[in-house]
2 protein chains.
Amino acid sequence: MATGIADRDVRLGRACLNCSGQFDDLFCACVMKVLNGEHCIRRFEPGAVIAMEGLKAPFLGSIVKGVVCQEISLADGRVQGVTLLSPPDVIGNPLHDNSRYTVTALSEVEVFCISANAFGKLLYDLPLFRLRFLEMKLSDLERARNWLTVLGRRSSTERLAYLVVRVAQKIGFSTPGNGTADLFVHLPITRERIGAFLGMTMETVSREFTHLERKGVLSARGSRVIKIFDYRRLETIAGIDDDGGTID
Amino acid sequence: MATGIADRDVRLGRACLNCSGQFDDLFCACVMKVLNGEHCIRRFEPGAVIAMEGLKAPFLGSIVKGVVCQEISLADGRVQGVTLLSPPDVIGNPLHDNSRYTVTALSEVEVFCISANAFGKLLYDLPLFRLRFLEMKLSDLERARNWLTVLGRRSSTERLAYLVVRVAQKIGFSTPGNGTADLFVHLPITRERIGAFLGMTMETVSREFTHLERKGVLSARGSRVIKIFDYRRLETIAGIDDDGGTID
DNA sequence: CGTAGAATTGATATATATCAAGCCTAGTGG
DNA sequence: CCACTAGGCTTGATATATATCAATTCTACG
């Protein structure tokens with residue numbers, strides 16, 4: 001990459017080279033020094049509602065541990081899943097007092113929290129932090145727009161395949177425990193929530209799992225741990241090809 | 001708003017108070033001074049393809065005049081509309097050399113263009129510019145996520161109503177010319193492209209215009225200039241209520 | 001082992017896509 | 001100035017994907 005930013009200080013982005021990153025690569029030791037103790041760690045149990053759409057956001061923070069989901073609700077109760085967050089994703093928007101999303105812990109979660117003021121200070125004082133945050137938000141934007149193609153233009157099988165691949169990329173594969181080489185992905189959400197992300201019903205999600213199973217791509221029967229037999233094929237169905245040209 | 005950023009220098013965001021904004025509120029006179037002549041204006045005819053998805057982006061720039069659309073294509077030719085751009089929206093991503101979208105001029109368009117290096121310099125040197133850009137991208141992100149609810153959870157009538165309201169908000173109402181008080185919105189896109197934005201076919205778009213017409217909400221017969229009889233009702237159908245709680 | 005929530009499966013309904021025809025409308029050239 | 005044309009729009013008939021409603025069945029957990 002030879003962009004203007006890259007030429008200057010993009011090395012400082014993904015992981016701060018000036019320090020051994022404490023907590024994670026957003027709040028590294030350099031950032032912590034400027035922050036000077038103005039922070040706290042909050043913990044949430046699985047299922048805990050961290051923020052409510054439209055209400056005052058309780059804090060700004062970066063996830064240290066666990067998985068979180070953000071959803072938007074319509075007036076009549078319809079729900080659209082928006083993002084799955086994992087470390088070091090940011091919860092909250094420094095430009096808004098109110099949360100735009102309902103934010104729910106999907107596992108045991110820890111968040112490194114700072115005040116909006118402290119966040120503003122970091123953004124203002126630290127080129128490194130500012131760049132890293134901009135980088136995160138630009139890639140959030142790209143992912144959200146790619147997701148539009150999923151909801152607008154893909155069939156239910158394609159959508160489900162897309163979600164499984166993205167979850168695998170985001171949360172990683174699980175190790176089976178027994179010494180086999182099989183690929184497992186743990187989906188941290190119910191079929192209903194999968195449906196909320198994919199704009200379809202729980203029943204259709206279930207049926208599409210069955211279809212993918214009959215095709216020999218994966219197995220998910222009644223469980224949230226998915227065994228993947230043919231990851232390449234799954235990527236193809238999803239319309240994702242990370243080995244070559246970026247299709248999505 | 002009493003966020004950390006607002007406390008500091010958000011006044012400089014939406015319109016620079018230090019200068020009389022030349023061109024627009026992104027490239028104000030202050031920015032121009034730092035830029036020191038390193039820019040050019042590019043013009044495009046309606047229908048011109050400004051950038052192609054996956055190929056090297058020709059420039060970074062801010063729209064000065066006209067309307068532009070960004071679309072994502074799938075391998076098999078399906079197209080998803082992503083954004084409608086109008087002044088002073090930014091074309092291009094300072095962190096990528098390649099365009100993520102196919103970018104098309106919908107009218108006569110002028111773009112204030114600078115090099116990626118110059119863009120990086122502005123981002124680095126000018127807190128004002130940097131904040132404004134972050135602000136733009138955070139609101140792009142919010143709009144993209146709200147659009148997810150449109151594609152994932154709304155019926156075709158609701159989707160169409162949503163699009164009309166958003167276009168009206170973005171591009172503004174047209175004045176009828178004759179002295180009537182009627183509201184007109186000029187849609188800068190064909191039914192097919194409307195469909196690409198809404199994840200539906202041209203035919204369904206057309207049918208839903210007819211439905212809205214039968215309901216007495218608007219009239220669009222065969223034309224891109226839409227007459228709106230009941231804007232409030234349109235907003236209600238769209239699930240947008242800008243006079244009160246933010247629903248979308 | 002029993003229970004409750006989650007997941008699957010089936011039958012049917014419905015919204016939207018697809019295919020196909022015809023109709024407007026703006027722009028062109030005689 | 002008017003008829004012609006091409007692209008865009010509308011409308012209809014039909015097909016199809018997905019939703020909805022309704023039982024079971026599975027799984028994790030007490």
Side-chain angles (χ1 to χ4, degrees), chain A residues 45-47 69 74 76-80 104 106-107 150-164 174 184-215 218-227 237, chain B residues 45-47 69 74 76-80 104 106-107 150-164 186-214 218-227 237:
Chain A
E45 291 304 305
C69 88
L74 304 188
D76 60 5
R78 286 175 287 183
V79 174
Q80 176 64 49
T104 310
L106 298 175
S107 65
V150 176
L151 297 184
R153 289 302 185 204
R154 282 161 147 105
S155 71
S156 49
T157 314
E158 295 172 310
R159 291 185 206 195
L160 185 56
Y162 194 97
L163 179 125
V164 173
S174 308
F184 288 87
V185 176
H186 174 77
L187 297 183
I189 46 180
T190 63
R191 301 289 130 114
E192 188 167 23
R193 232 173 206 139
I194 292 173
F197 272 89
L198 298 177
M200 55 206 230
T201 61
M202 175 179 97
E203 292 93 329
T204 302
V205 171
S206 187
R207 278 186 247 272
E208 293 308 336
F209 268 128
T210 307
H211 287 171
L212 288 173
E213 188 156 352
R214 281 209 258 271
K215 285 185 175 180
L218 53 72
S219 162
R221 328 220 70 255
S223 147
R224 285 185 212 179
V225 177
I226 294 179
K227 183 170 181 177
I237 295 171
Chain B
E45 292 304 305
C69 87
L74 304 190
D76 59 5
R78 287 175 287 182
V79 174
Q80 176 63 49
T104 311
L106 299 174
S107 65
V150 176
L151 298 183
R153 290 303 187 203
R154 281 157 147 107
S155 71
S156 48
T157 314
E158 294 173 310
R159 290 184 207 196
L160 185 55
Y162 194 96
L163 179 124
V164 173
H186 173 78
L187 297 183
I189 47 179
T190 63
R191 301 290 129 113
E192 188 167 23
R193 231 172 209 142
I194 292 173
F197 272 89
L198 298 179
M200 57 207 228
T201 61
M202 175 179 96
E203 292 94 329
T204 302
V205 171
S206 187
R207 277 185 247 272
E208 293 308 336
F209 268 128
T210 307
H211 286 170
L212 288 174
E213 188 156 353
R214 281 209 259 272
L218 52 73
S219 161
R221 326 218 74 255
S223 149
R224 284 185 215 178
V225 177
I226 294 179
K227 182 168 179 179
I237 294 171

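Reminder, nothing fancy here: chain letters follow the sequence lines and each chain counts from 1.
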* Structure fact -> Between CD1 of A:I194 and C1' of C:dA6 the distance, given in whole Å, is 11 Å
* **Distance, nearest 0.5 Å, that separates CG of B:L163 from CZ of B:R154** => 12.0 Å
* Closest heavy-atom pair and its distance - A:H186, A:V225 -> ND1-CG2, 3.8 Å
* How many Å lie between CG on A:L212 and C1' on C:dT8, as a whole number? -> 15 Å
* Between CZ of A:R207 and OG1 of A:T157, what distance do you get to the nearest 0.5 Å? -> 12.0 Å
* Asked: In Å, rounded to the nearest 0.5 Å, how long is the span from CZ of A:R214 to OG of A:S219?
  -> 12.5 Å
* Check the distance between C:dG5's C1' and A:I189's CD1 and give it to me in whole angstrom. => 17 Å
* **Check: A:M200 and A:V205 side chains under 4.5 Å, non-hydrogen atoms** => yes
* Check whether any side-chain N or O of B:T190 sits under 4.0 Å from OP1 or OP2 of D:dG7, and answer yes or no. => no
* Asked: What does nucleotides 13-30 of chain D look like as a protein-contact string, B for base, S for sugar-phosphate only, - for none, at under 4.0 angstrom between heavy atoms?
  -> B----SSBB-----S---
I'd like a table of donor-acceptor pairs (distance under 3.5 Å, sequence neighbours excluded) in which one partner is a side-chain atom from residues 191-198 of chain B, with atom names and distances.
unit_1 : atom_1 : unit_2 : atom_2 : d
B:R191 : NH2    : B:S223 : O      : 2.1
B:R193 : NE     : B:E71  : OE2    : 2.9

* Asked: A:R193 has an atom CZ; how far is it from atom P of C:dA6, in whole Å?
  -> 10 Å
* In whole angstroms, how far is the C1' atom of D:dG8 from the CE atom of B:M202? -> 8 Å
* Give a yes or no on whether a salt bridge exists between B:E158 and A:R78, defined as a side-chain N under 4.0 angstrom from a carboxylate O. => yes
* **B:L160/B:F209 under side chain to side chain contact (heavy atoms under 4.5 Å, CB included): CA gap, chis, key distance, verdict** => CA-CA 8 Å; B:L160 185 55; B:F209 268 128; 3.8 Å; yes
* In whole angstrom, what separates A:E192's CD from C:dA7's P? -> 9 Å
* Rounded off to whole Å, could you give me the CG-to-P distance for the B:L187 and D:dG8 pair? => 15 Å
* Report yes if some heavy atom in the side chain of A:L74 is under 4.5 Å from a heavy atom in the side chain of B:R153; otherwise report no. => yes
* To do: Starting from the first five and the last five pairs of the helix from C:dC1-D:dG30 to C:dG30-D:dC1, work out the angle between the resulting helix axes, to 10 degrees.
  => 40°
